[in-house]
Amino acid sequence: MPEILSYVNILKQADIFYKLTPTQLEMVSHICQECTYQTGEIIVHEGTDTNDLYVIVSGEVDIQVKPALVSDHPGADISTVSIATLRRGQSFGEIALVDKGLRTATVRASQNKTRLLIVPREKLMLLCDTYPQLGYRLMQNLATDLALKMRSTDLRIRAEVLYGKNQK
């Protein structure tokens, strides 16, 4: 039971579980698994079809993409580029909850003993189906999270289009 309480405290910090009740958080914590990764270890590979949501318990992860997949830019021969670093309480893999598409980035542990809670999609969706209030809140949080990420990406694209061309 102490492990479940610890998981509840971690889940409480993740935006995707914002405003879930203690009981709902406890239900989610029961389906979580914990894994530990070492510096440089890949958690998910870009282009693979995993279905899990990850919440960072401790440590850090780097979100990395392969520029060569979409660019003929001179720097595109770089194997990967880090686009974000995530820390305790942050999550990744949210898109897998919406669709079962391929991962859009590689995620690599950037600190030793990076601990993650892994929330399997199928079990989480079963909880959402069984407890519609939990499902509604989770999907609302997911939509908010993805909207923020889309707005941020939009700003980056605009900056690249407006200012990137002028520097060539």
Side-chain angles (χ1 to χ4, degrees), residues 9-20 25 28 32 35-121 124-125 128 134-168:
N9 288 330
I10 295 300
L11 294 174
K12 242 193 304 195
Q13 296 175 32
D15 290 343
I16 196 164
F17 297 112
Y18 177 66
K19 286 194 176 179
L20 263 63
L25 289 169
V28 173
C32 292
C35 281
T36 302
Y37 297 87
Q38 302 306 316
T39 301
E41 197 171 346
I42 293 178
I43 300 157
V44 296
H45 290 273
E46 183 175 359
T48 60
D49 62 345
T50 59
N51 295 319
D52 300 324
L53 170 72
Y54 298 83
V55 179
I56 302 169
V57 176
S58 64
E60 293 182 351
V61 300
D62 286 330
I63 309 299
Q64 302 176 323
V65 295
K66 296 177 187 170
L69 292 177
V70 294
S71 176
D72 59 358
H73 190 274
D77 58 346
I78 301 169
S79 61
T80 60
V81 173
S82 290
I83 59 170
T85 298
L86 304 179
R87 294 170 181 83
R88 178 184 174 92
Q90 292 183 293
S91 60
F92 59 93
E94 302 90 349
I95 295 174
L97 299 181
V98 178
D99 70 5
K100 294 181 183 180
L102 302 178
R103 291 292 180 174
T104 59
T106 293
V107 181
R108 185 183 306 267
S110 58
Q111 284 187 355
N112 269 338
K113 298 181 183 174
T114 293
R115 292 174 42 221
L116 305 175
L117 288 184
I118 301 171
V119 186
R121 180 189 192 280
L124 187 59
M125 292 301 107
C128 290
L134 184 154
Y136 173 78
R137 176 59 63 196
L138 181 73
M139 292 304 143
Q140 188 177 39
N141 292 341
L142 176 63
T144 299
D145 182 67
L146 292 176
L148 286 170
K149 289 177 179 173
M150 288 177 65
R151 289 179 196 277
S152 174
T153 300
D154 181 59
L155 289 173
R156 283 182 168 185
I157 290 170
R158 288 172 188 263
E160 178 62 28
V161 169
L162 292 174
Y163 303 111
K165 287 184 178 178
N166 293 336
Q167 295 178 0
K168 291 181 182 177

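Computed from a prediction, not measured in an experiment: that's the story for all the values here.
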Novice: With a 4.5 Å cut-off on side-chain heavy atoms, are Val57 and Leu116 touching?
Specialist: no
Novice: Could you give the distance from CD (Glu41) to OG1 (Thr114), rounded to the nearest 0.5 Å?
Specialist: 9.5 Å
Novice: Does any N or O in the side chain of Ser152 come within less than 3.5 Å of the main-chain N or O of Leu148, such that one atom is a donor and the other an acceptor?
Specialist: no
Novice: Taking the side chain as every heavy atom from C-beta outward, state whether Asp145 and Ile16 have any pair of such atoms under 4.5 Å apart.
Specialist: no
Novice: What I want to find out is whether Glu46 reaches Arg103 closely enough, with some N-O distance under 4.0 Å, to be called a salt bridge.
Specialist: no
Novice: Would the number of heavy atoms belonging to other residues, nucleotides or ligands and lying under 6.0 Å from CG of Asp154 be above 12?
Specialist: yes
Novice: Can you name the nearest heavy-atom pair linking Asp52 to Pro120, along with the distance?
Specialist: OD1-CA, 3.3 Å
Novice: What's the shortest heavy-atom distance between Cys128 and Leu134, and which atoms?
Specialist: SG-CD2, 4.0 Å
Novice: Give, for atom CE of Met150 and atom CD1 of Ile157, the distance between the pair rounded to the nearest 0.5 Å.
Specialist: 9.5 Å
Novice: Considering only heavy atoms from C-beta outward, does the side chain of Ile63 approach that of Thr85 to under 4.5 Å?
Specialist: no
Novice: Quick check for you: to the nearest 0.5 Å, what is the distance between Thr144 atom OG1 and Tyr18 atom OH?
Specialist: 10.0 Å
Novice: Any heavy-atom pair between the side chains of Leu117 and Ile56 that's under 4.5 Å?
Specialist: no
Novice: Would you indicate whether the side-chain heavy atoms of Phe92 and Ile43 approach each other to under 4.5 Å?
Specialist: yes
Novice: Specify the closest pair of heavy atoms between Ala105 and Val65, including all atoms of both residues, with the distance to one decimal.
Specialist: CB-CG1, 4.0 Å
Novice: Roughly how far apart are Ser91 OG and Ile10 CD1, rounded to 0.5 Å?
Specialist: 12.5 Å
Novice: Rounded to the nearest 0.5 Å, what separation is found between the CG atom of Asp62 and the OG1 atom of Thr80?
Specialist: 9.0 Å
Novice: Measure across Val98 and Arg121 and return the closest heavy-atom pair with its distance rounded to 0.1 Å.
Specialist: O-NH2, 4.1 Å
Novice: For Gln64 and Ser82: C-alpha separation, side-chain torsions, deciding distance, then whether side-chain hydrogen bond (donor to acceptor under 3.5 Å, both in side chains) applies.
Specialist: CA-CA 4 Å; Gln64 302 176 323; Ser82 290; 3.3 Å; yes
Novice: Looking at every heavy atom in both Leu86 and Gln90, which two are closest together, and how far apart are they?
Specialist: CA-OE1, 3.2 Å
Novice: Are Glu60 and Arg88 within salt-bridge range, i.e. N to O under 4.0 Å?
Specialist: no
Novice: Are the side chains of Val119 and Tyr54 in contact, using a 4.5 Å heavy-atom criterion?
Specialist: no
Novice: Pair Arg137, Gln140 - check side-chain hydrogen bond (donor to acceptor under 3.5 Å, both in side chains), show working.
Specialist: CA-CA 5 Å; Arg137 176 59 63 196; Gln140 188 177 39; 2.6 Å; yes
Novice: Got Val61 and Arg108 here, is their nearest side-chain heavy-atom distance under 4.5 Å?
Specialist: no
Novice: Of the non-hydrogen atoms in Lys113 and Thr36, which two are nearest, and what is the gap between them?
Specialist: CA-CG2, 3.6 Å
Novice: Taking atom CG of Leu146 as the centre, does the number of heavy atoms from other residues, nucleotides or ligands within less than 6.0 Å exceed 12?
Specialist: yes
Novice: Working to the nearest 0.5 Å, report the span between NZ of Lys66 and OG1 of Thr106.
Specialist: 5.5 Å
Novice: Can you check whether Asn141 reaches Phe17 side chain to side chain, under 4.5 Å on heavy atoms?
Specialist: no
